[in-house]
Amino acid sequence: MKKIKKWRQYELILRGPSNGNPYTEVELSAIFRQNEHQVKVRGFYSDEGVYKVRYMPSSEGRWEVKTISNVPELNNQTDVFECVGPEEGNHGPVIVSGKTHFSYADGSGYIPFGTTAYEWALQPKEVRKQTLKSLKLTRFNKIRMSIFPKSAKFNTLEPEMYPFEGKPTVITDGLFDYSEWYPKKIGFDFTRFNSVYFDQFEKSIQALDQLGIEADIILFQPYDHWGFARMGKENNIRYLQYVIARFASYKNVWWSMANEYDLMDKVGQIDLKSWDSIGQTIQDEDPSGHLTSVHNWYDPPVHKGNRTNWYDYSKPWITHLGVQTDEVFFVPQWISEYQKPVIVDEMRYEGNIDYGWGDMTGQQMFDLFARTILRGGGATHGEVYIDKPDTLRPIWWAHGGKLYGESYKRINYLKDLMDSEGFKYVIPQAITGPHWELAAGARPDKKKILIYFGQNHSEFEWLDFLPDKKKYSAELIDAWNMTQKHFSDVVTNDTYTHLPMKEYQMLLLTEKN
């Protein structure tokens with residue numbers, strides 16, 4: 001009997017017809033049964049007459065498999081396998097735990113320390129290799145990445161291949177023009193998938209899993225001149241079914257319904273009322289119930305200070321908030337309001353470009369990141385450094401490649417610090433009263449509290465949010481210079497704490513017995 005490790009991929013491979021259009025004409029699924037529990041899983045056409053059904057078992061024991069198909073040679077095929085315990089280091093998929101935070105399925109702690117490299121999986125081999133090499137130097141445990149290529153400034157090179165059969169009707173000349181988002185003619189057949197394209201994307205998911213990184217897969221996005229954002233409802237649903245059938249058996253997969261879903265409405269691609277159907281389809285099709293969210297557009301003149309463009313995150317298919325904002329002070333409020341985890345998936349980027357979303361200093365990027373984490377959220381880093389206008393050099397935010405900034409090093413330091421001090425998740429502190437200047441978070445047992453003062457450099461701090469009659473020893477941390485030393489004073493909530501007048505300081509408090 002086959003043995004499949006818990007939270008790893010079981011795959012049933014079958015031979016069937018290759019004539020006609022197997023993507024639309026052949027229906028294939030399988031019932032996976034363990035005792036009284038059963039789940040129906042959609043299969044997919046792999047190419048050259050090969051069909052596959054994949055599943056990620058999450059409980060140990062014997063499983064029986066039986067296929068259902070409208071094609072005789074694919075119907076009533078059976079198999080059995082045994083799901084055995086996971087290998088060392090396999091903690092399972094990330095799940096929502098305790099409503100408002102995350103963990104791995106085995107209970108291990110997980111706080112999202114993310115980054116964005118939209119098209120890294122679609123780049124030439126050498127760029128992909130460099131991206132993975134760069135990721136090994138970081139502590140990022142999640143990356144936002146798009147299935148479809150992106151057409152925008154600094155993204156003007158055609159990909160090496162495309163997700164569907166056909167060819168583009170618009171070829172860029174190295175300069176970006178917004179009019180390209182309104183193609184007059186589409187040259188792709190959205191009913192025929194390019195399996196080689198999805199094979200490469202799949203290998204990127206696998207490579208991330210080997211590094212312990214979650215693949216937050218963006219299913220739709222507006223930056224498009226090929227027509228992939230204008231496929232129509234029927235093709236959108238077929239595409240979702242295919243992608244989920246291929247990738248849902250990987251434990252490190254998350255779904256992001258869209259990058260900037262509301263911008264897609266504004267440019268005439270997918271209207272706002274269609275997103276509920278997309279979310280419902282993801283929920284119905286994914287047998288493993290991976291984490292799912294959606295990402296909003298950020299337009300400060302219109303949306304600063306309000307959430308009118310946010311998706312309704314109370315929907316049952318939404319597991320967590322994935323928002324674009326730099327108003328991170330409100331993360332605890334949103335967690336409380338929605339009773340779901342919050343990830344600030346885009347808070348502007350460290351970089352040197354001529355857009356306000358991509359010209360933050362490394363200090364500003366780290367500041368927003370640290371404040372988000374210590375207010376109980378997940379955070380996502382981004383970097384957009386160019387060497388010249390209209391550069392063709394890979395940029396991390398879009399293509400991956402090399403990291404040129406400074407914030408990721410301090411994010412590494414913060415992740416290592418919190419891991420070493422047992423922060424499985426963060427309980428936000430200092431969320432009432434006049435505490436705009438700092439961010440503070442406790443580990444689950446509240447025996448340790450990490451306080452971050454950011455760019456402020458007050459000499460005296462009244463930490464009145466600490467519990468009454470508790471005394472704390474402390475370590476003084478210079479987060480930017482990544483140093484730590486003993487803090488001689490005992491810290492309480494009823495007296496001033498005297499600090500050096502310096503930016504980017506932290507206090508790591510440990511409750512005294």
Side-chain angles (χ1 to χ4, degrees), residues 109 111-113 138-140 326 328-329 331-332 344 347 350 360-379 381 405-431 433-467 470-493 495-512:
I111 301 173
F113 274 66
T138 76
R139 303 296 182 271
F140 295 130
D326 58 6
V328 302
F329 180 83
V331 167
V344 181
M347 55 185 71
E350 176 184 357
M360 287 199 301
T361 65
Q363 290 93 333
Q364 289 173 305
M365 178 84 258
F366 173 73
D367 185 73
L368 284 172
F369 197 104
R371 290 178 183 277
T372 303
I373 293 293
L374 293 178
R375 287 180 176 139
H381 153 278
E406 292 295 325
S407 63
Y408 82 91
K409 302 170 188 176
R410 282 76 190 179
I411 292 168
N412 287 353
Y413 180 80
L414 177 62
K415 179 74 165 59
D416 287 342
L417 172 68
M418 295 181 70
D419 285 350
S420 67
E421 297 295 338
F423 282 79
K424 292 179 63 175
Y425 62 90
V426 171
I427 301 175
Q429 309 293 298
I431 58 177
H435 298 299
W436 289 82
E437 82 282 8
L438 57 80
R443 75 181 190 187
D445 64 3
K446 298 186 180 180
K447 297 292 186 181
K448 287 185 181 286
I449 299 174
L450 187 58
I451 306 170
Y452 171 65
F453 301 100
Q455 295 170 308
N456 308 290
H457 57 92
S458 58
E459 189 172 1
F460 303 98
E461 282 284 349
W462 190 277
L463 305 176
D464 60 343
F465 58 87
L466 297 174
K470 296 284 187 180
K471 295 182 179 180
Y472 297 88
S473 61
E475 295 291 313
L476 181 65
I477 295 166
D478 182 331
W480 189 254
N481 291 309
M482 298 177 283
T483 61
Q484 179 176 332
K485 64 181 180 181
H486 181 66
F487 188 68
S488 58
D489 295 352
V490 173
V491 179
T492 65
N493 75 344
T495 186
Y496 281 106
T497 297
H498 183 214
L499 296 167
M501 295 179 64
K502 192 174 182 180
E503 294 181 328
Y504 308 111
Q505 293 186 112
M506 289 180 167
L507 278 179
L508 175 62
L509 307 184
T510 302
E511 183 180 326
K512 296 172 70 72

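The shortest side-chain heavy-atom distance between Ser458 and Met501 does not fall under the 4.5 Å cut-off. No side-chain heavy atom of Tyr452 sits less than 4.5 Å from a side-chain heavy atom of Ile373. Annotation: side chain of Phe329 is not in contact with side chain of Thr372 (no heavy-atom distance under 4.5 Å). For the pair Asp478/Gln484, no side-chain contact is recorded, criterion being any heavy-atom separation below 4.5 Å from C-beta on.
Under the 3.5 Å distance criterion, the side-chain polar atoms of Gln364 are matched with a main-chain donor or acceptor of Thr361. Checking side-chain atoms of Asp367 against main-chain N and O of Gly454 turns up no donor-acceptor pair under 3.5 Å. Side chain of Arg375 to main chain of Gly441: no donor-acceptor pair is present (N/O by atom type, distance under 3.5 Å, no hydrogens or angles). With hydrogens and angles ignored, the 3.5 Å screen pairs no side-chain donor or acceptor of Arg139 with any backbone N or O of Lys415. Remark: side-chain polar atoms of Asn456 are paired, donor with acceptor, to backbone N or O of Glu437 under 3.5 angstrom. Gln429 places a side-chain N or O within 3.5 Å of a backbone atom of Ile427 that can act as its donor or acceptor partner.
Relative orientation of the Tyr496 and Phe460 rings is perpendicular, given thresholds of 30° and 60° on the angle between their planes.
Partners of Ser407 according to the side-chain hydrogen bond (donor to acceptor under 3.5 Å, both in side chains) rule, which considers only residues two or more places apart in sequence or in another chain, are Glu350. Scored by the side-chain hydrogen bond (donor to acceptor under 3.5 Å, both in side chains) test, Tyr408 finds no partners at all (sequence neighbours excluded).
Counting non-hydrogen atoms of neighbouring residues, nucleotides and ligands closer than 6.0 angstrom, the NZ atom of Lys448 exceeds 12 such neighbours.
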Q: Kindly indicate, with the supporting measurements, whether the criterion side chain to side chain donor-acceptor pair (under 3.5 Å) is fulfilled by Lys512 and Ser473.
A: CA-CA 6 Å; Lys512 296 172 70 72; Ser473 61; 5.3 Å; no

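Taking the six-membered ring wherever Trp is involved, the centroid distance between the rings of Phe366 and Tyr504 does not fall below 6.0 Å.
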